[in-house]
J.: 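The structure is given below, and queries will be raised subsequently.
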Amino acid sequence: MRLPDFPWDSLAPYKERASAVSADLPGGALVDLSVGTPVDPTPVVVQDALRAAADAPGYPQTWGTAPLREAVAGWFERRRGVPGLDPDGVLPTIGSKELVAWLPSLLELGAGDVVGYPRIAYPTYDVGARLAGADPVVVDGLAALGPLTPSTTPKLLWLNSPGNPTGKVLGVEHLAKVVDWARRHGVVVASDECYAELDWRERDPSSAEPPTTPSILDPRVTGGSHEGLLAVYSLSKQSNLAGYRAAFVAGDPVLVKQLLEVRKHAGMIMPAPVQHAMAAALGDDAHVAEQKARYAARRRRLRAAVEGAGLRVDDSEAGLYLWCTRGEDAWSTVGWLADRGILVAPGTFYGAAGAQHVRIALTASDDSIEAAAARLA
């Protein structure tokens with residue numbers, strides 16, 4: 001098994017370049033908009049819940065406590081328009097990246113099995129297939145797979161909506177077509193939805209639509225059954241919990257039980273205090289609305305500055321990034337921004353199709369966003 005080089009290491013010289021010029025620019029320090037790591041405080045309601053559960057001498061439950069799994073089910077009904085999710089089909093994970101990386105292995109995929117993922121995608125979908133010894137294959141639309149044979153039909157198909165890095169949202173009709181196709185061909189669909197609460201599209205306030213982006217578990221998508229479907233979600237973005245490693249997978253109880261059995265043997269267990277804190281976070285919508293408002297203000301300021309500097313913003317309908325291009329090689333744009341003391345990620349980190357784009361994160365303080373805007377002006 002050969003894993004790809006860790007892409008972020010290649011940004012080091014650009015970070016040095018950007019740091020070297022920053023002292024004489026507005027803000028006086030590097031503006032790092034490359035990695036999407038939260039910078040705002042963890043909500044008090046979550047910190048309080050963590051402290052309340054700090055006395056935890058016994059082993060936690062791999063499956064998660066009943067209150068946590070019920071909190072996930074309640075959140076899906078309240079925020080995602082998914083009523084009646086079976087708590088038996090919920091499993092906490094130690095961050096969502098861990099689950100993405102190990103899902104093919106947990107599903108017992110291996111040599112000769114195909115794992116499909118989007119053409120512009122988070123690199124860990126590819127890495128997870130390689131860790132299992134399976135074959136990672138870019139799936140640019142189902143028709144691109146051509147006539148299916150047992151050796152070319154994916155055993156697992158990843159979706160990512162809202163997409164990282166593009167911010168593109170897959171609609172209900174699109175998701176329903178994928179689910180119908182997958183069921184006809186015996187394909188497990190895993191949908192990475194960790195930016196769902198950060199939807200920037202115009203919405204009709206009188207609409208009965210859920211307040212978030214559509215889920216693979218939405219009854220309009222599934223026809224009422226979660227068979228063969230998994231939704232992956234993280235609280236890192238909506239609740240500033242990246243340091244807690246608080247995430248979950250939910251959907252088909254049969255698949256979840258399969259994952260659970262392997263995770264029990266492997267000791268892949270979320271700490272008990274984090275389980276308690278996660279349940280509190282899922283039950284409190286106020287802090288999520290507050291954080292979304294912060295990101296919305298940063299997004300407005302940064303997008304105006306980016307477009308004013310001549311970059312085009314594509315997609316970026318949801319999530320924590322602006323997907324931008326100057327119509328040139330991505331690394332040239334990374335260098336152009338580094339000369340202005342701003343560090344961003346090249347689109348090539350996310351596949352060959354991102355060769356002329358860069359990903360610019362909104363996860364920086366208000367002062368840093370203001371400094372970036374001033375430098376771009």
Side-chain angles (χ1 to χ4, degrees), residues 43 45-46 49-50 53 60-96 98-99 103 106 159 161 172 175-176 179 188-199 208-239 241 244-261 263-264 268-289:
V45 66
V46 181
L50 186 75
Q61 298 175 46
T62 307
W63 198 8
T65 64
L68 171 56
R69 289 184 283 112
E70 288 162 6
V72 171
W75 176 82
F76 261 109
E77 180 162 6
R78 192 175 71 251
R79 302 296 298 172
R80 309 298 307 279
V82 179
L85 176 67
D86 187 346
D88 285 356
V90 175
L91 179 62
T93 64
I94 311 160
S96 60
E98 170 255 293
L99 190 278
L103 183 61
L106 295 172
L159 301 179
S161 178
V172 167
L175 293 173
V179 168
V188 172
V189 180
S191 180
D192 182 350
E193 302 176 353
C194 72
Y195 298 94
E197 285 278 9
L198 301 170
D199 189 338
E209 291 280 311
T212 59
T213 59
S215 173
I216 197 72
L217 303 182
D218 189 309
R220 297 172 296 172
V221 171
T222 68
S225 166
H226 294 158
E227 182 182 357
L229 307 177
L230 295 170
V232 180
Y233 196 76
S234 166
L235 274 69
S236 295
K237 308 304 192 274
Q238 71 164 50
S239 301
L241 291 186
Y244 283 50
R245 311 313 300 134
F248 59 80
V249 59
D252 185 342
V254 174
L255 290 176
V256 168
K257 185 177 181 183
Q258 180 180 344
L259 307 185
L260 173 63
E261 290 307 311
R263 293 175 72 88
K264 282 179 179 177
M268 301 168 84
I269 311 171
M270 179 185 286
V274 177
Q275 292 191 34
H276 189 71
M278 185 173 164
L282 288 166
D284 181 72
D285 296 339
H287 79 270
V288 180

J.: Check the side chains of Arg263 and Thr62 for a donor-acceptor pair under 3.5 angstrom, ignoring hydrogens and angles.
T.: no

J.: Taking side chain as C-beta onward, heavy atoms only, is Leu68 less than 4.5 Å from Pro92?
T.: yes

J.: Can you name the one residue among Leu255, Leu260, Val254 that meets side chain to side chain contact (heavy atoms under 4.5 Å, CB included) with Gln258?
T.: Leu255

J.: Can you find a heavy atom in the side chain of Ile216 that is under 4.5 Å from one in the side chain of Val179?
T.: yes

J.: Tell me whether the count of non-hydrogen atoms from other residues, nucleotides or ligands lying under 6.0 Å of CD in Glu98 goes above 12.
T.: yes

J.: So Leu159 and Ser161, do their side chains get closer than 4.5 Å, heavy atoms only?
T.: no

J.: What do the steps show when you test Val274 against Ile94 for side chain to side chain contact (heavy atoms under 4.5 Å, CB included), and what is the final call?
T.: CA-CA 10 Å; Val274 177; Ile94 311 160; over 6 Å; no

J.: Would you mind reporting whether Leu230 and Leu103 have side-chain heavy atoms less than 4.5 Å apart?
T.: yes

J.: To check you understand the geometry: which heavy-atom pair defines the closest contact between Ala231 and Glu193, and what is its length?
T.: CB-OE1, 3.9 Å

J.: Any non-hydrogen side-chain atom of Phe248 less than 4.5 Å from a side-chain atom of Met278?
T.: yes

J.: May I ask you to say whether Asp285 pairs ionically with Arg78, meaning some side-chain N is under 4.0 Å from a carboxylate O?
T.: yes

J.: Would you call Glu197-Arg79 a salt bridge at under 4.0 Å N-O?
T.: yes

J.: Would Leu85 and His226 satisfy side chain to side chain contact (heavy atoms under 4.5 Å, CB included), going step by step from the backbone distance to the final call?
T.: CA-CA 9 Å; Leu85 176 67; His226 294 158; 3.7 Å; yes

J.: With no hydrogens and no angle check, do the side chains of Gln238 and Tyr233 hold a donor and an acceptor under 3.5 Å apart?
T.: yes

J.: Determine whether Leu229 and Asp252 satisfy the following criterion, side chain to side chain contact (heavy atoms under 4.5 Å, CB included), listing intermediate values before the conclusion.
T.: CA-CA 6 Å; Leu229 307 177; Asp252 185 342; 5.6 Å; no

J.: Give the minimum heavy-atom separation between Arg245 and Ser96, together with the two atoms involved.
T.: NH2-N, 4.3 Å

J.: Looking at Glu209 and Arg220, does any basic side-chain N land under 4.0 Å from a carboxylate oxygen?
T.: yes

J.: With a 4.5 Å cut-off on side-chain heavy atoms, are Val232 and Ser191 touching?
T.: no

